[in-house]
Every structure is written in structure tokens, then in C-alpha cells.
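Read through the structure below, which is laid out as C-alpha cells, and then see the notes.
We count ligands from 1, going down the list as the structure has it; atoms in each ligand are counted the same way. Keep in mind that this is a model prediction, so the values were computed, not measured.
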Amino acid sequence: MMRLRKLEELPFDNTYARLPEAFYARVEPTPLSNPVLVSFNPDAAALLDLDPDEAERPEFAGVFGGRLLIPGSEPVAMIYSGHQFGIYAGQLGDGRAILLGEVTNSRGDKWDLHLKGAGQTPFSRDGDGRAVLRSAIREYLCGEAMHGLGIPTTRSLCIVAGDEAVLRERPEVGAMLLRMAPTHVRFGSFQAFFARRQPEHVKQLADYVIARFYPHLAAADRYPRFFHEVAVRTAQLIAKWQAVGWAHGVMNSDNMSIVGLTLDYGPYGFLDAYDPSFICNHSDHQGRYSFRNQPDIGYFNLRCLGQALSSLVTPQQEQEGLAAYEAAQAAHYLELMRAKLGLQESKPEDGALLNDLLALMAANQVDYTIFFRALGGFKSGRDERNEALRDFFVDRDGFDRWAVRYRDRLRGEAGPDEDRRARMHRINPKYILRNYLAQTAIERARQKDYSEIDRLRQLLADPFTEQPEMDAYAAPPPDWGRQILVSCSS
Ligand code: AMP
Ligand code: MG
């Protein structure tokens with residue numbers, strides 16, 4: 001039996017802080033005043049073998065509000081740089097987040113404890129080092145929602161709020177988020193040392209990441225294989241975003257995880273009506289990070305990483321990695337979309353069947369999540385008219401024509417409609433974190449009612465199971481909810 005641990009018993013093994021000083025700056029958190037625990041996530045605590053009762057201790061908000069350090073913690077701000085909106089931004093680094101240390105659980109999994117909003121660091125530039133409660137709630141909930149959807153992501157243990165205002169467009173409540181990931185090394189971490197012309201540090205960081213997260217690659221040709229695997233993991237991650245209808249919003253290379261998980265939740269958004277040109281970030285005037293651009297931006301970011309690794313990877317090997325990215329992204333996306341359509345076999349016409357459906361959905365502004373969930377109920381009998389589904393479309397004839405092709409395609413596969421429905425319901429979520437749901441939780445939290453955060457966290461941890469009492473949370477957004485502008489401000 002695994003024993004649950006107290007905060008003081010968390011076993012730290014701070015591998016990153018043992019790298020040479022060139023990789024980080026040692027810095028301590030700047031505490032929030034009068035810290036209050038806003039939300040605690042027992043699912044994330046379980047990943048650390050942390051006793052959930054620890055959240056009841058008065059010290060808990062002190063620890064994750066930056067006032068107390070847990071024994072074994074060695075806080076550092078990590079150095080990185082990156083391309084922001086296509087332009088190399090020079091040195092960035094953790095300007096408001098501090099890596100407290102790394103904890104290993106009884107299963108041998110390592111977790112970074114990363115405190116976001118922990119105050120200024122040597123990399124804060126002009127920033128205040130703080131995060132606001134609004135953005136902490138958005139990051140906390142979306143990480144758990146993505147995990148529930150089966151998408152690799154950072155997780156979050158808790159949110160702690162303080163009572164000093166943090167100035168953004170207006171004064172807001174300041175907060176800290178305890179974020180967890182196997183590592184916070186990013187593409188931009190390598191770029192920082194490439195830009196400084198320090199190939200020995202690029203190599204040292206690559207060896208560090210390979211030894212811990214790609215140990216099967218430990219051989220002479222490890223660097224090109226590493227680039228290749230990062231490319232494939234990134235391709236699969238972005239294919240998952242596309243399939244679930246999610247846009248990151250700020251796919252700068254400093255927000256791209258070296259282990260292929262979703263990192264840094266800012267102005268992200270789930271699609272409501274299917275719209276490939278969807279831009280979730282109000283500050284993204286050119287639409288660089290629009291929904292449909294994400295696969296290409298992944299490619300761009302891998303080129304940035306490839307350049308940073310150019311002392312270890314030949315141009316030819318880089319090209320091979322990039323080609324693997326493109327192939328893996330297309331293949332994984334089609335595989336996921338085929339599953340969303342309930343198809344088990346692969347047929348050459350599937351791509352056209354899918355694309356024609358998506359084009360119809362875009363033209364008719366059909367809600368992406370609600371429609372795919374409903375499509376599970378498609379009846380493949382000859383005389384079925386699938387009235388409820390055709391009602392999603394203004395162009396009913398267009399849907400009918402597509403439905404005949406879909407029906408014929410389904411009849412080529414084995415198994416009854418009910419089996420397909422069950423299969424599709426395990427893949428097409430009922431509940432997603434639409435902006436208006438997060439917004440409701442944020443507005444209640446401003447009134448010091450934190451219950452909606454917990455309600456959403458629990459709902460979204462299990463997005464595929466019907467929870468009839470929560471039906472209202474599966475509704476399309478109300479008019480006010482479509483107009484929420486989400487910017488980079490956080
Ligand atoms: P982000 O847009 O959150 O990915 O942040 C990009 C860069 O800006 C990172 O280096 C952050 O650490 C830094 N940054 C963002 N907000 C702040 C802030 N309020 N204070 C200091 N640094 C910040
Ligand atoms: Mg970032």
C-alpha cells in the first residue's frame with residue numbers, strides 16, 4: 001500500500017537545479033499577502049502521493065502562496081528564449097514562475113512543482129512577476145479539462161489568492177497557481193543557448209532531457225532521434241487539439257513543451273460553431289495562431305528547435321524530422337477524426353467524407369462538440385431520416401446528401417448502430433470548457449464564491465460520461481458568452 005505523504009515528506013530530487021548555474025537563476029518566491037486557498041485538486045495531489053487532508057492545514061496556503069518553502073525545495077527561475085509571433089524575442093525565462101523543485105512519486109514519475117505568479121525574478125523584464133486570479137482559474141480548469149479529454153498537458157495542484165491588487169487593464173486579484181509537469185523545458189530553452197553561441201550548453205540540456213524523458217534513445221545517434229521524437233510527439237499533440245476543436249492562442253516557441261504536452265494556458269479557446277479561421281486570442285490581429293494554422297505553427301516552432309540543435313543534428317536529419325512531423329500530424333489527425341465519425345476501418349474516401357462534413361458545418365455554423373456528440377445517434381437504416389441531425393443545418397439537403405454517403409460508408413463496417421454510438425461517445429465529449437463556463441467561475445470567484453471552480457473541475461475530469469444533472473453545462477454559449485474577448489493579459 002502506498003503511503004500518503006505530508007507536505008514536509010514530499011521527496012525532492014531537484015535534477016534541474018543540479019545543472020550548472022547557466023541554466024537558471026536561484027530566486028525565492030515573493031509571498032502573497034493574506035493568502036487564501038481558492039481551489040485544491042485532489043487528482044493532482046494523488047500524482048504526488050500527497051495526502052489530500054494536507055489542504056486543510058493552515059500552512060497549505062502559506063506554502064503555495066509563496067511564504068513557506070517545503071524542506072527539499074530549491075527554487076529556481078529557468079532560462080529560456082523563443083520566437084513570439086514569428087519574431088525572435090531574445091532572452092525571456094521564467095519572469096513570474098518559479099520551479100520549486102521536483103518530486104518523485106511511488107510509481108517513479110517525476111513532477112516539477114512550478115509556482116506561477118510567484119513574484120519577480122531576474123527574467124521579469126518590466127513585468128510585476130504576478131499572475132491574476134482570472135488567468136490562474138483558466139489555466140487550472142483547462143489543464144484538468146484537457147487531461148480529462150486524454151490530451152497530454154500540464155496539471156495543477158491548487159490556486160492561492162492574495163489580497164493585494166495586481167494591475168492589468170484594471171486592478172485584479174493576484175493569485176498563484178501550482179503547476180505540475182514532468183518537465184518545464186521548452187523549445188525555447190534550447191534556443192536561449194543557441195542564441196548565446198553556447199553549443200556545449202545546448203548539448204548538456206539535450207543530454208539532460210534525453211536521459212530523463214527519452215531514455216530509450218541513449219545511443220550515439222541520440223540527437224537526431226531525439227529531434228525526430230519531439231517532432232512526432234508535437235505532431236500528435238497538435239492533431240489532438242485539432243480533433244477536439246481547441247486553439248492554444250499563443251503558440252510561441254517558448255510555450256512548446258519538449259515532451260509534447262500542452263503548456264501555458266492563456267487566451268485559449270474551444271470552438272463553438274466550427275470555424276477553421278477561429279482566433280481565440282483577441283491580441284492576435286493577424287490570426288497567426290488561428291485554429292487552422294496550428295499544424296503549420298507547430299512546424300515553424302520545430303524549425304526553431306531544429307536550428308537551436310544545429311550543432312547536434314545535420315540539416316538532412318532536421319529535414320527528416322520535419323517530414324516526420326508532417327506525416328505524423330496528418331496521419332494522427334485522420335485517425336482521430338475517423339474515430340470521431342465512428343469508423344473503425346480506413347478507406348481512401350474517408351478524407352473527403354470528413355472534409356465535406358467540416359465544410360458543411362462551417363457553412364452552417366454548426367456547433368462542433370454538440371454535433372459530433374449527436375452524430376453518435378446516427379441511424380444507418382435505409383429509411384432513417386435522422387431528423388435531429390439534419391436540424392443542425394440550414395442547408396438540410398446538403399446534410400442529406402452527406403448523410404447518404406456516411407450511411408453507405410457505415411454499412412460497409414461490421415457492428416450495430418448501438419455499438420458505434422457507445423464507441424463514439426467515448427471519443428466525442430459531451431462537456432468542454434467553453435469560455436463562458438470559465439467566465440462564470442471567474443466572476444463568482446471575484447465574489448469569493450469558489451464553488452463553481454470545483455464543480456467545473458469535477459465535471460470536466462469526466463467529459464465523456466452523461467451527467468444528466470449537469471446538462472446545462474453542455475449547452476452552446478449564450479449570446480454574452482460568445483462575445484468574451486480573451487487577450488494575452490494575464
Ligand atoms: P507568457 O505569455 O505567459 O507565455 O509569457 C511570456 C514571457 O513573459 C515569459 O518569459 C513570462 O515569464 C513573461 N511574463 C509574462 N507575464 C509576466 C509578468 N506579469 N511579470 C513578469 N514576467 C512576465
Ligand atoms: Mg509562456
Can you check which of Arg130, Arg96, Arg125, Arg168 brings a heavy atom nearest to atom 7 (C) of ligand 1? Arg125
Any protein heavy atom < 4.0 Å from atom 2 (O) of ligand 1: no
One finds that the ligand 1 atoms under 4.0 Å from a non-hydrogen atom of Tyr80 are 9 (C), 10 (O), 12 (O)
Can you sort out which atoms of ligand 1 are near Asn255, meaning under 4.0 Å from one of its heavy atoms? 4 (O)
For atom 10 (O) of ligand 1, the option (of Ala89, Gly95, Gly93) bearing the nearest heavy atom: Gly93
Relative to each other, are the rings of Phe372 and Tyr368 parallel, tilted or perpendicular (30° and 60° limits)? perpendicular
Can you report which non-hydrogen protein atom sits closest to atom 6 (C) of ligand 1, along with the distance? Gln84 NE2, 3.8 Å
Students often mix this up, so state it plainly: with edges at 30° and 60°, are the rings of Trp246 and Trp241 parallel, tilted or perpendicular? perpendicular
Checking the N or O distance criterion of under 3.5 Å, is ligand 1 in contact with Asp264? yes
Can you confirm whether the side chains of Tyr265 and Asn255 place a donor and an acceptor under 3.5 Å from each other? no
Find all atoms of ligand 1 within a distance of less than 4.0 Å from any non-hydrogen atom belonging to Leu92, and give their numbers and elements. 10 (O)
Interfacing atoms of ligand 1 (cut-off 4.0 Å, heavy-atom, Gly129): 18 (C), 19 (N), 20 (N), 21 (C)
What protein heavy atom is closest to atom 19 (N) of ligand 1, reported as residue, atom name and distance in Å? Asp128 OD1, 2.9 Å
Carboxylate-amine/guanidinium contact Asp128 Arg168, below 4.0 Å: yes
OG1 of Thr154 to NZ of Lys116, rounded to nearest 0.5 Å, is 8.0 Å
Side-chain ion pair, Arg212 and Glu102, N-O less than 4.0 Å: no
Check Asp264 with Arg179, please: is the shortest side-chain N to carboxylate O separation under 4.0 Å? yes
Check whether more than 12 heavy atoms from other residues, nucleotides or ligands sit under 6.0 Å from atom NE2 of His332, and answer yes or no. yes
How about the Mg ion (ligand 2), which protein N, O or S atoms come within less than 2.8 Å? Asn255 OD1, Asp264 OD2
In terms of side-chain heavy atoms, does Arg130 have a donor or acceptor partner in Ser124 at a distance below 3.5 Å? no
Cation-pi between Arg138 and Tyr268: NZ/CZ under 6.0 Å from ring centre and within 45° of the ring axis? yes
Any atoms of ligand 1 less than 4.0 Å from a non-hydrogen atom of Ser124? List them with their elements. 21 (C), 22 (N)
Can you check whether Phe123 has an N/O within less than 3.5 Å of an N/O in ligand 1? no
How are the rings of Tyr208 and Tyr16 set to each other: parallel, tilted or perpendicular (split at 30° and 60°)? perpendicular
Cation over ring face, Arg434 and Phe270, 6.0 Å, 45°: no
